[in-house]
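Structure first, then comments.
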There are 2 protein chains.
Amino acid sequence: MSSHEQAQPTPEQEQFTLLMRGLGTRTVVYQQNVAASLGLYNNDFLSVDILREKGPITAGELSKLTGLATGSVTALIDRLEKNRYVRRQNDPNDRRKVIIVPLYENKEDVIDTYLPLHTAMVTLAASYTDEELALISQFLGKASTVLDEQIDHLSSTTRSKSSS
Amino acid sequence: MSSHEQAQPTPEQEQFTLLMRGLGTRTVVYQQNVAASLGLYNNDFLSVDILREKGPITAGELSKLTGLATGSVTALIDRLEKNRYVRRQNDPNDRRKVIIVPLYENKEDVIDTYLPLHTAMVTLAASYTDEELALISQFLGKASTVLDEQIDHLSSTTRSKSSS
DNA sequence: TGTTTATATCTCTTCTATCGAGATATTTGA
DNA sequence: TCAAATATCTCGATAGAAGAGATATAAACA
């Protein structure tokens, strides 16, 4: 094959992309089910998930990460604050900003809901050797990076769209 | 370790589950961006994705797969039919049923939107040997199966929930 | 320092996806 | 044949989200 140009995907590579899409579809459905199970709206739960990974961020950053309008994020934070998933905190360095701090106390219902998946995933992981699991984990990190790049790309191109 | 009981996840296994959650969060955000880019509502695009994988299914099956109420699915199909993503077809064997047939002609905008991700994923796949890619693909299939089971589990338990 | 511009969040209105209950049509089984 | 079950659709009510503008603070500049 050529040096860095991928001429044509092999059947194995195409199969791989199909599996990734299938996993993606299932992931979305699963996350929506988790949200419903917790009594949260989809974007509310998505925000909880983002905050879990990123830690405290400002309302504006959450707006960018979720793609929601700032007005929608204000209402979203109100709901999460009422349910004690997060609390607002003023930024002493910039008093315009509102930092959303995730609260994990009293939130074992999230853990409970995730527990069956977590258990199943650990079982799946245990079926691989250390080397295999390391390869898979390394792959997952790279796939996440790819998605981050694609999200960046898509959200920037979507902003500049004309009507059909 | 014991025969089939997983006593305690290893750090590598915990790291793996964290990576899976991170990938899941990014997947949801990405899919929402794709939907927005195509001018579709989230569940409309999710339905297109489900239909792409499953092929023609009935409105009731789509209701179950998406978790939407049947009345919502009716409106959803109306929108997708108007945009020529699908068409309704009567089931000759059971005239109550409505089969939703995905339409792929004139839908290269979906392909276009996915193209950058597809290209990036093929490039990622090409960075692995045949054996490594086979392992990863096998893993993706198993992870999808796990998610299917978890979705089943969650959607059944969510249906029987009392208020807090 | 005083003024202008930019930024961050919030408020408020409008729109519409979704739910949920009931209606309609068809099938199944007694 | 008739009742019960099933599949989809209709319709009213609710509430998440967008979008524009308001408010408060910060940064830039003279």
Side-chain angles (χ1 to χ4, degrees), chain A residues 28-29 31-33 35-48 56-83 85-101 155 158-161 163, chain B residues 28-29 31-33 35-48 56-83 85-101 155 158-161 163:
Chain A
V28 172
V29 172
Q31 298 261 35
Q32 292 192 171
N33 273 277
S37 175
L38 290 168
L40 294 177
Y41 299 104
N42 287 335
N43 281 316
D44 291 20
F45 175 66
L46 177 63
S47 300
V48 169
I57 56 177
T58 67
E61 286 171 321
L62 186 59
S63 168
K64 284 202 188 67
L65 289 170
T66 58
L68 293 174
T70 61
S72 307
V73 168
T74 297
L76 185 153
I77 301 171
D78 287 345
R79 291 190 298 269
L80 289 183
E81 201 167 35
K82 185 174 297 180
N83 295 343
Y85 279 95
V86 305
R87 67 178 171 80
R88 281 183 168 88
Q89 181 178 324
N90 291 330
D91 186 341
N93 294 19
D94 187 340
R95 285 166 46 202
R96 295 169 303 177
K97 292 187 178 178
V98 167
I99 300 176
I100 316 168
V101 182
S155 57
T158 301
R159 255 186 283 285
S160 55
K161 262 208 5 178
S163 60
Chain B
V28 172
V29 172
Q31 297 263 32
Q32 291 192 169
N33 273 277
S37 175
L38 290 168
L40 293 178
Y41 298 105
N42 287 336
N43 281 316
D44 291 20
F45 176 66
L46 177 63
S47 299
V48 169
I57 56 178
T58 67
E61 287 171 322
L62 185 59
S63 169
K64 283 201 189 68
L65 290 170
T66 58
L68 293 174
T70 61
S72 308
V73 169
T74 298
L76 185 153
I77 301 171
D78 287 347
R79 291 191 297 269
L80 289 183
E81 200 168 35
K82 185 175 297 180
N83 295 343
Y85 279 95
V86 305
R87 66 178 170 80
R88 281 184 168 87
Q89 181 177 323
N90 292 329
D91 186 340
N93 294 20
D94 186 341
R95 285 164 47 200
R96 295 168 304 177
K97 292 186 177 177
V98 167
I99 300 176
I100 316 166
V101 182
S155 58
T158 300
R159 253 186 284 285
S160 54
K161 261 213 357 183
S163 61

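In what follows, every chain begins at residue 1, and chains take the letters A, B, ... in the order their sequences are listed.
Evaluation of the salt bridge (charged side-chain N to carboxylate O under 4.0 Å, His left out) rule for A/D78 yields A/R88 as partners, not counting sequence neighbours. Applying the side chain to side chain contact (heavy atoms under 4.5 Å, CB included) test to B/L65 and every residue at least two apart in sequence or in another chain returns B/I50, B/K54, B/I57. In this view, B/D91 satisfies the salt bridge (charged side-chain N to carboxylate O under 4.0 Å, His left out) rule with no residue, not counting sequence neighbours. Considering only residues two or more places apart in sequence or on other chains, B/R96 meets the salt bridge (charged side-chain N to carboxylate O under 4.0 Å, His left out) condition with B/D94. Taking B/E61 as the reference, nothing meets the salt bridge (charged side-chain N to carboxylate O under 4.0 Å, His left out) condition, with sequence neighbours excluded. Scanning for side-chain hydrogen bond (donor to acceptor under 3.5 Å, both in side chains) contacts around B/N83 gives an empty result, with sequence neighbours left out. Residues that satisfy the side chain to side chain contact (heavy atoms under 4.5 Å, CB included) test with B/R87, not counting sequence neighbours, are B/E81, B/Q89, B/V101, B/L103.
Rounded to whole Å, atom C1' of D/dA17 lies 11 Å from atom CG of B/N42.
Between its two ends, the helix from C/dT1-D/dA30 to C/dA30-D/dT1 turns its axis by 20°, counting five pairs per end and rounding to 10 degrees.
Each of B/A69 and A/T70 was assigned the nucleotide of DNA chain C with the nearest heavy atom; the assignment lying further toward the 5' end belongs to A/T70. Heavy-atom distances to DNA chain D give each of A/N43 and B/E61 a nearest nucleotide, and the one nearer the 5′ end belongs to B/E61.
Contact detail for A/Q31 and B/V28: the closest heavy-atom pair is CG-CG2, 3.6 Å. The two residues A/F45 and A/A35 make their nearest non-hydrogen contact at CB-CB, 3.7 Å.
Residue B/G60 is classed as a sugar-phosphate contact, given heavy-atom separations below 4.0 Å to backbone atoms only. At the heavy-atom level, A/S63 lies nowhere under 4.0 Å from the strands shown.
Side-chain atoms of A/S37 never come within 3.5 Å of backbone atoms of A/N33 as a donor-acceptor pair (strictly under, hydrogens ignored). Proximity of a side-chain donor or acceptor of A/S63 to a complementary backbone N or O of A/L68 within less than 3.5 Å is detected.
The distance from atom CG of A/L62 to atom CG of A/L80, rounded to the nearest 0.5 Å, is 8.5 Å.
Contacts with DNA chain C (heavy atom under 4.0 Å) in residues 88-101 of chain B: B/D94, B/R95, B/R96, listed by number. Less than 4.0 Å separates DNA chain D from at least one heavy atom of each of the following residues of residues 74-82 of chain B: B/T74.
Extent of DNA chain C lying under 4.0 Å from chain A heavy atoms, first and last nucleotide in 5' to 3' order, is C/dA6 to C/dT11.
Counting only residues at least two apart or in different chains, salt bridge (charged side-chain N to carboxylate O under 4.0 Å, His left out) contacts with residues 36-48 of chain B comprise B/D44-B/R79.
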